[in-house]
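In what follows, chains carry the letters A, B, and so on, assigned in the order in which the sequence lines appear, proteins first and then strands, with residues in each chain numbered from 1. Fair warning: this is a prediction, and the values are worked out from it, not measured in the lab. What you see below is based on every heavy atom in this structure, not just the backbone, and it leaves out hydrogens, waters and symmetry mates.
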Number of protein chains: 2
Amino acid sequence: MTTELSTASLRRLPRYLRLLVQLLDEGHHFVTSAELARRLAMDESLVRRDLALTHFSGKPRVGFAVEALKTHLEDLLGLGTLKPAILIGAGRLGQALTAYRGFTEYGLRICGIFDIDPEKIGREVHGMTVQPLWTAPALVREGRIQVAILAVPAEAAQEVADLLADAGVPAFWNFSGHPLHLPAPVIVLNEDLSDSLAVLSFRLTHERASAACPGDAHDDAAPMA
Amino acid sequence: MTTELSTASLRRLPRYLRLLVQLLDEGHHFVTSAELARRLAMDESLVRRDLALTHFSGKPRVGFAVEALKTHLEDLLGLGTLKPAILIGAGRLGQALTAYRGFTEYGLRICGIFDIDPEKIGREVHGMTVQPLWTAPALVREGRIQVAILAVPAEAAQEVADLLADAGVPAFWNFSGHPLHLPAPVIVLNEDLSDSLAVLSFRLTHERASAACPGDAHDDAAPMA
DNA sequence: TAGATTGTTAATCGATTAACAATC
DNA sequence: TAGATTGTTAATCGATTAACAATC
């Protein structure tokens with residue numbers, strides 16, 4: 001088994017994890033790939049393949065041990081320890097992201113928020129004081145910051161990222177809408193709500209007409225992984 | 001040309017759009033697929049293919065008319081008119097989303113925010129008063145609501161969606177983390193930040209070790225489209 | 001044992017990339 | 001015309017699905 005865990009597979013792991021927690025809650029100790037597939041509305045082959053790629057084995061005739069698989073996935077995803085992160089940009093999006101508690105559930109702890117705008121510096125945002133951007137590199141060097149979340153305007157994104165990458169930030173989660181280019185070992189994840197919004201807007205504009213006519217059935221609904 | 005615009009292509013259109021605005025700003029009237037590709041760090045064949053699928057024609061030897069293409073894409077994506085939307089769930093995530101101004105840029109206007117929790121009803125969230133959830137269906141029936149943005153807990157998502165779909169909401173943007181099942185013509189877009197977060201956390205946990213050793217070069221950085 | 005379920009290989013599907021003929 | 005760029009077809013790549021042999 002030399003096959004690598006693809007990004008597509010990786011993105012599905014949190015879904016399994018959530019379902020496993022629920023199954024534990026319901027008192028199940030074992031679950032089959034067929035059951036997992038049914039509840040996640042996906043193909044059971046894909047479930048088995050995904051889980052095999054994580055090197056977790058099920059038992060023929062029984063299925064997968066719920067508790068053990070949950071622990072296994074948490075370990076694999078590195079969710080055990082909270083990773084220190086900083087947030088750059090205290091604008092609307094930045095404040096919005098600070099408020100999102102899901103970060104903590106998935107391994108991130110925001111321990112600093114920065115901006116370049118003197119208007120914003122010194123303000124309180126969800127219990128943290130906004131600091132001047134130029135102080136961020138020092139914190140990075142001391143504090144073992146592992147992730148920088150970028151919520152800056154698109155024009156500023158690359159410059160800020162370069163600055164922080166120089167200071168040693170190993171991973172970026174980029175919400176600026178400007179795709180980042182950073183040298184090799186740096187991890188970059190570009191997030192863009194407007195990508196999805198475009199799909200929604202397009203389908204609303206173009207599918208509604210035919211949707212009014214019964215007999216012209218569409219199915220599916222979920223976006224790409 | 002019977003080929004359909006795939007979801008993958010659709011998701012790239014906003015990127016072209018953003019770049020076109022920038023190019024206009026820089027005073028360009030025409031742009032080649034090679035230039036678009038270079039600035040978006042993608043393959044030029046893919047650019048041509050995507051644009052061809054939108055039924056916009058370039059001129060050999062010249063390229064694509066920037067202004068016309070911009071208008072064309074905006075029309076195609078239905079960004080001309082703001083679509084009335086409601087937000088369900090005034091918790092942390094809900095408040096975060098209300099603050100996100102990007103919605104307006106991409107065709108959505110939030111014109112109501114609802115919750116089931118008496119604690120939250122009546123509060124002000126970014127200039128709007130949180131209303132009781134049971135009043136939402138009436139607004140949907142009157143107001144031509146086109147999108148419901150779900151920021152409710154995973155457990156409540158399906159129930160709320162059923163309620164609103166019954167009232168006639170044609171499209172759902174679902175941030176609850178619970179994949180929705182809704183009958184055929186209803187459009188569902190499941191959004192899940194923890195999918196991305198999992199990728200980030202995994203790569204931080206597993207790539208860092210080898211990243212420290214030079215000679216073991218990784219490239220690439222962007223996630224799947 | 002018979003039967004159910006896993007793990008894995010082969011077949012299919014879809015999306016990206018490369019090549020090139022058509023166009024101006 | 002020669003040359004550059006589009007539009008489209010063919011080749012490649014990767015991910016999903018189907019099939020089935022191995023396992024208990």
Whole-Å distance between D:dC13 P and A:E4 CD?
18 Å

Looking only at side-chain atoms of B:S45, point me to the closest of D:dC24, C:dT16, C:dA18.
C:dA18

Please determine, for the side chain of A:F64, which listed nucleotide (C:dT16, C:dT6, D:dT5) has the closest atom?
C:dT6

How many whole angstroms separate atom CG of A:L51 from atom P of C:dT5?
16 Å

Separation of B:D43 atom CG from D:dT12 atom P, in whole Å?
15 Å

Can you give me the closest heavy-atom contact between A:A148 and A:L164, atom names plus distance?
CB-CD1, 4.0 Å

Roughly, in whole Å, what's the span from CG in A:L40 to P in D:dT16?
14 Å

Verify the neighbour count for atom NE2 of A:H29: are there more than 12 heavy atoms of other residues, nucleotides or ligands below 6.0 Å?
no

Are there more than 12 heavy atoms of other residues, nucleotides or ligands under 6.0 Å from atom CG of A:L82?
yes

Please check the phosphate of C:dT16 (OP1 and OP2 only) for any side-chain N or O of B:R48 closer than 4.0 Å.
no

Would one find a side-chain N or O of B:R12 under 4.0 angstrom from OP1 or OP2 of C:dA15?
no

Length of the line joining B:E44:CD and D:dT8:C1', which is rounded to integer Å:
14 Å

Which nucleotide in the set C:dG7, C:dG3, D:dT6 lies at the smallest distance from any side-chain heavy atom of A:R61?
C:dG3

Where B:L182 and B:Q158 come nearest, the two heavy atoms and their spacing
CD2-NE2, 4.0 Å

Is it the case that over 12 heavy atoms from other parts of the model lie below 6.0 angstrom from the CZ atom of A:R39?
yes

Atom-pair distance (CZ on B:R49; C1' on D:dC13), nearest Å:
14 Å

Is the shortest side-chain heavy-atom distance between A:V31 and A:E26 below 4.5 Å?
no

Mark yes or no for a side-chain to base donor-acceptor pair under 3.5 Å between A:S6 and D:dA15, with no hydrogen or angle criteria applied.
no

Watson-Crick or G-U wobble partner of D:dG14, both distances under 3.5 Å:
C:dC13

When you measure from the side chain of A:P60, which nucleotide among D:dT16, C:dT5, C:dA15 comes out closest?
C:dT5

Scan residues 26-39 of chain B against DNA chain D and write down, sorted by residue number, each residue with any heavy atom closer than 4.0 Å; if none is found, say none.
B:T32, B:S33

Nearest whole Å is fine: how far is D:dT6 C1' from B:D50 CG?
15 Å

For the residue pair A:N174 and A:E191, establish whether any side-chain heavy-atom pair is separated by less than 4.5 Å.
no

Nucleotide nearest A:S57 (side chain, heavy atoms from C-beta), chosen from C:dG7, D:dT16, C:dA15:
C:dG7

Electrostatic pair A:D192:B:R18 at N-O distance under 4.0 angstrom:
yes

Nucleotide paired to C:dC24 in any strand shown, Watson-Crick or G-U, under 3.5 Å
D:dG3

Should D:dA19 form a Watson-Crick or G-U wobble pair with both distances under 3.5 Å, which nucleotide is its partner?
C:dT8

Closest of D:dG7, D:dT16, D:dA18 to the A:L46 side chain is D:dT16

Between CE of B:M42 and C1' of C:dT16 the distance, given in whole Å, is 10 Å

